[in-house]
Amino acid sequence: MEHFYTIQGEGFYQGHAAYFIRLGGCDVGCVWCDVKESWDAAAHPLVPIDEMVRHASQSGTEIVVITGGEPVMYDLTALTTSLKQAGLKTNIETSGAYSLTGTWDWVCLSPKKFKAPDPSVYEYADELKIIIYNKSDFAWAEEHAAKVKASCELFLQPEWSKEKEMLPLIIDYVKAHPTWKVSLQIHKYMNIP
Ligand code: SF4
């Protein structure tokens, strides 16, 4: 759908320069999705893997973030193999709606209520990022935290349109449950993609 060099605004790699490759296509259907134009894969022309890797390499980045859309709708073996052959680190952002393919340096699992993660994905999560849209999402976050490995980094992130309402609750929750950390979408404050 698009690819661009920017600053990772969320989660564990927040603040790091990263080349984003956003794959078209998503069937998860989050009501608050901020990239609904990604949903229809057919609306986005196919791009050869070599071209994606060339752009990422030329940017000077160390990290490539594969996002969507929902990237795990596809077999990502060939893409991640080529990125790693080019010496790039492979990070993925996924709802985990399908089983994971490819070779990853970092897996950010962000489960969505609209389509539950495939059970096989939890063991690969290096980072669990839960979007907090309402109060019930804290209990839902703990359900997923119980399924990931002990070393998995845990983040609570307010849904952008609910940030004023949810951030104070997140701050209180993290203070009471310090295994969690706060994640904010700092790219939106910086007005960058
Ligand atoms: S999984 Fe991501 S791209 Fe798909 S609907 Fe939800 S927020 Fe949007």
Side-chain angles (χ1 to χ4, degrees), residues 1-14 16-129 131 157 159-160 185-188 190-193:
M1 176 181 164
E2 59 179 350
H3 52 103
F4 48 90
Y5 192 30
T6 188
I7 304 295
Q8 168 61 285
E10 311 177 2
F12 186 78
Y13 278 93
Q14 184 184 79
H16 289 253
Y19 200 90
F20 275 66
I21 298 175
R22 185 185 303 286
L23 304 183
C26 183
D27 61 0
V28 177
C30 306
V31 289
W32 40 259
C33 177
D34 58 1
V35 280
K36 289 193 168 101
E37 62 276 22
S38 70
W39 290 7
D40 179 9
H44 307 290
L46 292 173
V47 179
I49 285 174
D50 287 355
E51 199 177 310
M52 291 190 228
V53 175
R54 182 166 49 81
H55 284 296
S57 292
Q58 287 174 349
S59 72
T61 192
E62 294 179 356
I63 300 166
V64 175
V65 178
I66 307 298
T67 187
E70 180 38 81
V72 296
M73 289 174 70
Y74 306 104
D75 183 344
L76 299 168
T77 307
L79 175 58
T80 54
T81 299
S82 294
L83 289 168
K84 292 198 76 63
Q85 281 170 350
L88 296 165
K89 288 188 177 147
T90 53
N91 291 16
I92 187 169
E93 308 231 347
T94 178
S95 72
Y98 300 97
S99 58
L100 197 61
T101 55
T103 308
W104 299 101
D105 291 299
W106 192 261
V107 175
C108 173
L109 173 63
S110 186
K112 303 295 186 309
K113 281 184 170 167
F114 310 92
K115 195 175 179 81
D118 186 275
S120 66
V121 175
Y122 288 98
E123 66 177 294
Y124 299 107
D126 299 299
E127 170 181 358
L128 178 68
K129 186 173 67 190
I131 309 304
Q157 178 175 300
E159 194 277 323
W160 182 246
Q185 295 180 293
I186 64 166
H187 54 295
K188 295 190 177 178
M190 294 189 281
N191 283 320
I192 56 175

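Given the structure is predicted, the values throughout are model-derived calculations rather than measurements.
By the side chain to side chain contact (heavy atoms under 4.5 Å, CB included) test, T90 pairs with T80, L83, K84, W104, D105, sequence neighbours left out.
Side-chain atoms of T6 come within 3.5 Å of backbone N or O of P193 as a donor-acceptor pair. A donor-acceptor pair under 3.5 Å is formed between the side chain of E127 and the backbone N or O of F12. The backbone N or O of C30 lies less than 3.5 Å from no partner atom in the side chain of K113, so there is not a single donor-acceptor pair. At least one donor-acceptor pair closer than 3.5 Å links the side chain of R22 to the backbone N or O of G68. Checking side-chain atoms of Q14 against main-chain N and O of G9 turns up a donor-acceptor pair under 3.5 Å. Remark: side-chain polar atoms of S57 are not paired, donor with acceptor, to backbone N or O of R54 under 3.5 angstrom. Although no hydrogens or angles enter the test, the distance criterion places no donor-acceptor pair under 3.5 Å between the side chain of D118 and the main chain of G96.
Atoms CZ and CD, on F20 and E2 in that order, are 10.5 Å from each other to the nearest 0.5 Å. The structure places CG of L128 at 8.0 Å from OH of Y122, a figure rounded to the nearest 0.5 Å. From I66, atom CD1 reaches atom NE2 of H3 across 11.0 Å, with rounding to the nearest 0.5 Å. For the atom pair T101 OG1 and M73 CE, the distance stands at 12.5 Å (nearest 0.5 Å). One distance of note links CG of L109 with CD of E93; it measures 10.5 Å at 0.5 Å rounding. Annotation: the span from E70 atom CD to D27 atom CG amounts to 8.0 Å, rounded to 0.5 Å.
Heavy atoms of other residues, nucleotides or ligands lying less than 6.0 angstrom from OH of Y124 number 12 at most.
Residues M190 and I7 approach most closely at CE-CG2, 4.0 Å, considering heavy atoms. Minimum interatomic distance between A56 and L88 (heavy atoms only, all atoms of both residues): CB-CD1, 4.0 Å. Here the closest heavy-atom approach between residue P71 and residue L23 is recorded as CB-CD1, 4.0 Å. Smallest separation of non-hydrogen atoms from S110 and I131: OG-CG1, 3.9 Å. Taking every heavy atom of both residues into account, G69 and S38 meet most closely at N-OG, 3.1 Å. What you find for V53 and A86 is that their closest heavy atoms are CG1-CB, 3.7 Å.
Two residues are said to be in side-chain contact when any heavy atoms from C-beta on lie closer than 4.5 Å; D34 and K188 meet this criterion. For the pair Y98 and K115, the minimum side-chain heavy-atom distance is below 4.5 Å. Considering only heavy atoms from C-beta on, S95 stays 4.5 Å or farther from V121 through its side chain. Annotation: side chain of K89 is not in contact with side chain of W106 (no heavy-atom distance under 4.5 Å).
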In sequence, state the C-alpha distance, the side-chain angles, and the governing distance for Q58 and Y19, and then conclude on side chain to side chain contact (heavy atoms under 4.5 Å, CB included). CA-CA 10 Å; Q58 287 174 349; Y19 200 90; over 6 Å; no
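Applying side-chain contact (heavy atoms from CB on, under 4.5 Å) to I92 and the options D126, V72, T67, V64 leaves one that passes, V72.
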Between side-chain atoms of residues 39-46 and protein atoms elsewhere (two or more places apart, or another chain), which donor-acceptor pairs fall under 3.5 Å?
unit_1	atom_1	unit_2	atom_2	d
D40	OD1	A42	N	3.1
H44	NE2	E37	O	2.8

